[in-house]
Amino acid sequence: MGETVLSLEGITKVYPGVVALKDFSLDFRQGEVHAILGENGAGKSTLIKIVAGAVEPNAGFIKIGDQSFARLSPQQARSLGIEVIYQEFNLMPSLSAAENICYGQKTGRFASQRAMERKAKALFDEFEVAIDPRALVRNLPASQQQIVEIAKAVSRSARILIMDEPTAPLSIAEVEHLFKLIRKFRELGTTIIYISHRIDELFAISDRVTVMRDGRFVATRETESTTRPELINLMVGRELKEAYPERTRAPGETVLELRGVTGNGDSDISFELRSGEILGLAGLVGAGRTELAKVIVGAARLESGRMLIDGRPVSIRSPREALSHGIGLIPENRKEEGCFLEMDIGWNISFASLRNISIGPIVGRKKEKALATGYRDLMRIKAPTLEQKVKLLSGGNQQKVVLSKTLAAKSRILIFDEPTRGIDVGTRQDIYRLMDDLTREGISILMISSDMEELLGMSDRIVVIAEGRVAGTLEREGFSQRAVLELASGGSYKETA
Amino acid sequence: MKQLKRYAIILVLFGLIALFSALSPYFFTQQNLTNIFVQQSYVIIAAVGLSFVMISGGMDLSIGYQISAVGVTTAALVKWAGLPFPTSLAIGMAMGVFLGAFNGWASITLKVHTLIVTLGTMTIFQGLSYIISRQSVILNLPPAFKFFGQGFLFDFLPFSVVLMAVSVGIGSFILNFTWVGRQIYGVGSNEEAARLSGVNVKAIRMLVFSICGFFVALSAIVLFGRSGSASSSTGPGVEFTAMTAAILGGVSFKGGEGKMWGLVTGVLILGVLSNGMQLVGLNTYVQYIVKGFVLLLAVGFDLLQKEGLAKGALRVSAKQAA
Ligand SMILES: Nc1ncnc2c1ncn2[C@@H]1O[C@H](COP(=O)(O)OP(=O)(O)OP(=O)(O)O)[C@@H](O)[C@H]1O
Ligand SMILES: [Mg+2]
């Protein structure tokens, strides 16, 4: 293993009411993939923002090569060869995918449009994802934006490449492409710092894993000589049994039926969702699952086909009408579609259920407080107070706020679009249990997920979508990663690694 | 942290009051202070309306000519059509709501930013106003009309100030305590998230513009009542005063942010400034320059406060943590 390229010494970072990092020290070696693991709010993103010069530490040093810094500016960090894929998107929405990738790079005085597009296309091809280099980033779904983000970072030759949850919105096929890329960079001697809540990924790609808890260093392990339970114990500081709830109850009547639903890029989608059922929607990036969810809740136009609720045809033209039919959506993109960043936690949680907690036109403050406190405890939202602005929460905690907001509205049919995106393993268990409890009460869940384990573990049935069409349906007995991927890729999937 | 930021603008107000009290013996008298309130009441009422639009993420540049159009219409109905004042008043107010709703409808239909829509409707309302007034001044408005701008309740409470207080009260109530108010903040804060959470964004947009039109119409009655005569050139310019006051008071251009008390403080700062400068004897154009600088200073001060405080708070909590 190579020599130390980056070392952190006694880094401390304090925010009002929160100690994000406390006396944190760690060395990174040349040519290693170093994973960082920790619960939501443990301080992972803060750590990498400090390395990238986006955040100033209160104390400690960053040593790169033989230079030592009390703080870095983003320009310094970049000139030292540090590239970051942030957890929250960092793209310019009104520029095209290609322009984003080449933004700020020296491509000559007049960057040729053609050259930029060629470069972008080549990178996308590595992922085998058909993204139009000319498409404006704001029109791309979250998963494709993520690939643009990755392409942007890898297209610059970095000495240290940092990835904060790069795979959260990606499905297993794209993850494999990413891993191939990471391995290629490792060969070239690049150090990769990799943050993810998907622990199996860490075993697939990392050389060493560092666990942190409440802003402190807990331990570093060689990946080869550790186990999943050990990592989880280090991370949560207690015994945690990982298991998907036993799904025994037989689903009841059909509550939601799609017949030949066409619109928003999907065509002729038919399936039914039964009462008390968790129906998984699987597919690759760009398969059209999020698009379908938008059509169901009336956020995008239904061009043809029909939707029936309890056997009666309904016409849903807006999310408000969907809610009044008892359909709630947890959107994929928490920052753009899920939360109100400038508002506080309590305000966010109660937003979709304002009328239920109001007396006449007036919002009941006590009820609101009770609602928010309830969900904070249930979801373990980590924050000094309920008055904390959501934009100051860690990514995972923001996701918990979005979940709480939709759940508080008490819908009978819930559409979860990547519900556990960015959420740590401990809380995941809580959410899985909660989903199980909800379905026991007769609530039905349509779960879009790119997390294969979760999809196989939680679903009662899986509908696989490929290129905007239903590619097949799997019953529980037929569940396997292989079966899902084969359908998702139109039969062209080959198991690698 | 929030507390201190709140103080900033109130401190500016008190600072100005102290300054002018020192400079002019006539400033800090009951007579003069009442005057300031009376003079500013119509601006505050219009600003209450504007704040609804701004908090929802929009802007209304047309309120100046809305005032003009509503004012001359009401006056024309009383003086030329011979309608009784209450009827004219009701029609005038309804017209305000209608003009506001028209703004809302146009911005929904055209799907462009409200700034641009109201830039257009501003001109429409201007034309409307001059056609109705036949470019003339309608003199001698009836006493009931003047009462809105000049009258006193119980011989000591200026009626316009009462109307102002009631407007601020109603505005605060809707924005702070009702679920509709929450939805207005929600649309301003993140429109897409609000829509997906089941908010009828179009309805909210119609609503804020209609509410704005209502308060603007009330503001028109107070303003025209005070001057006792009606002409189409009265009103324009209020949009910028109200906007300046709103920004001074912390209503964000981007929407989703802002409180009524800040708005009132903002208007009062501007009022105190022009009144004080008048008393001290500065000419009108110098006053413009000073007002412009105050706005820039206030915005800068606000930013400085935010940063400085964040650092201060850091030091404090760093100590606690250690
Ligand atoms: N600007 C800020 N102001 C106040 N608190 C902050 C700020 N940024 C982060 N925090 C807090 O610092 C802590 C660490 O946050 P960080 O984003 O580093 O967590 P994380 O480990 O990346 O979590 P996740 O897995 O959810 O992404 C959290 O409690 C968060 O609320
Ligand atoms: Mg993070």
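Just the heavy atoms: all of them, side chains too, but no hydrogens, waters or symmetry mates, feed the values below.
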Minimum heavy-atom distance between Ala193(B) and Cys339(A), given as atom pair plus value = CB-O, 4.2 Å
Charged N-O contact under 4.0 Å between Lys335(A) and Glu192(B) = no
Are Phe340(A) and Tyr185(B) close enough, and set up right, to give a side chain to side chain contact (heavy atoms under 4.5 Å, CB included), and what steps lead you there?
-> CA-CA 10 Å; Phe340(A) 302 87; Tyr185(B) 276 98; over 6 Å; no
Could you look at Arg365(A) and say if it's the side chain, the backbone, both or neither that has a heavy atom under 4.5 Å from chain B?
-> side chain
Proximity breakdown for Gln183(B) and chain A, heavy-atom pairs closer than 4.5 Å = both
Counting heavy-atom pairs under 4.5 Å to chain B, which of Arg334(A), Arg355(A), Met343(A) comes out on top?
-> Arg355(A)
Chain A contact residues among residues 195-204 of chain B, heavy-atom distance under 4.5 Å | Arg195(B), Leu196(B), Ser197(B), Gly198(B), Val199(B), Asn200(B)
Has Arg213(A) got more than 12 heavy atoms of other residues, nucleotides or ligands less than 6.0 Å from its CZ?
-> yes
Quick one: pull up CZ in Phe351(A) and CZ in Arg182(B) and give me the separation to the nearest 0.5 Å.
-> 9.0 Å
Rounded distance [0.5 Å steps], OG1 in Thr178(B) versus CG in Leu354(A) | 9.5 Å
Tell me the residues of residues 396-413 of chain A whose non-hydrogen atoms fall below 4.5 Å from those of chain B, in number order.
-> Lys405(A)
With rounding to the nearest 0.5 Å, note down the distance linking CD in Glu336(A) to CG in Asn190(B).
-> 8.0 Å
For Glu56(A), is it the side chain, the backbone, both or neither that has a heavy atom under 4.5 Å from a heavy atom of chain B?
-> neither
Value for CD (Glu342(A)) from OG (Ser189(B)), rounded to nearest 0.5 Å, stands at 6.5 Å
Counting heavy-atom pairs under 4.5 angstrom with chain B, the leader among Gly328(A), Ser350(A), Ser358(A) is Ser358(A)
Phe14(B), CZ atom: more than 12 neighbouring heavy atoms under 6.0 Å = no
For Trp179(B) and Ile362(A), run side chain to side chain contact (heavy atoms under 4.5 Å, CB included): C-alpha distance rounded to whole Å, both residues' side-chain angles, the deciding distance at 0.1 Å, then the answer.
-> CA-CA 6 Å; Trp179(B) 56 264; Ile362(A) 301 168; over 6 Å; no
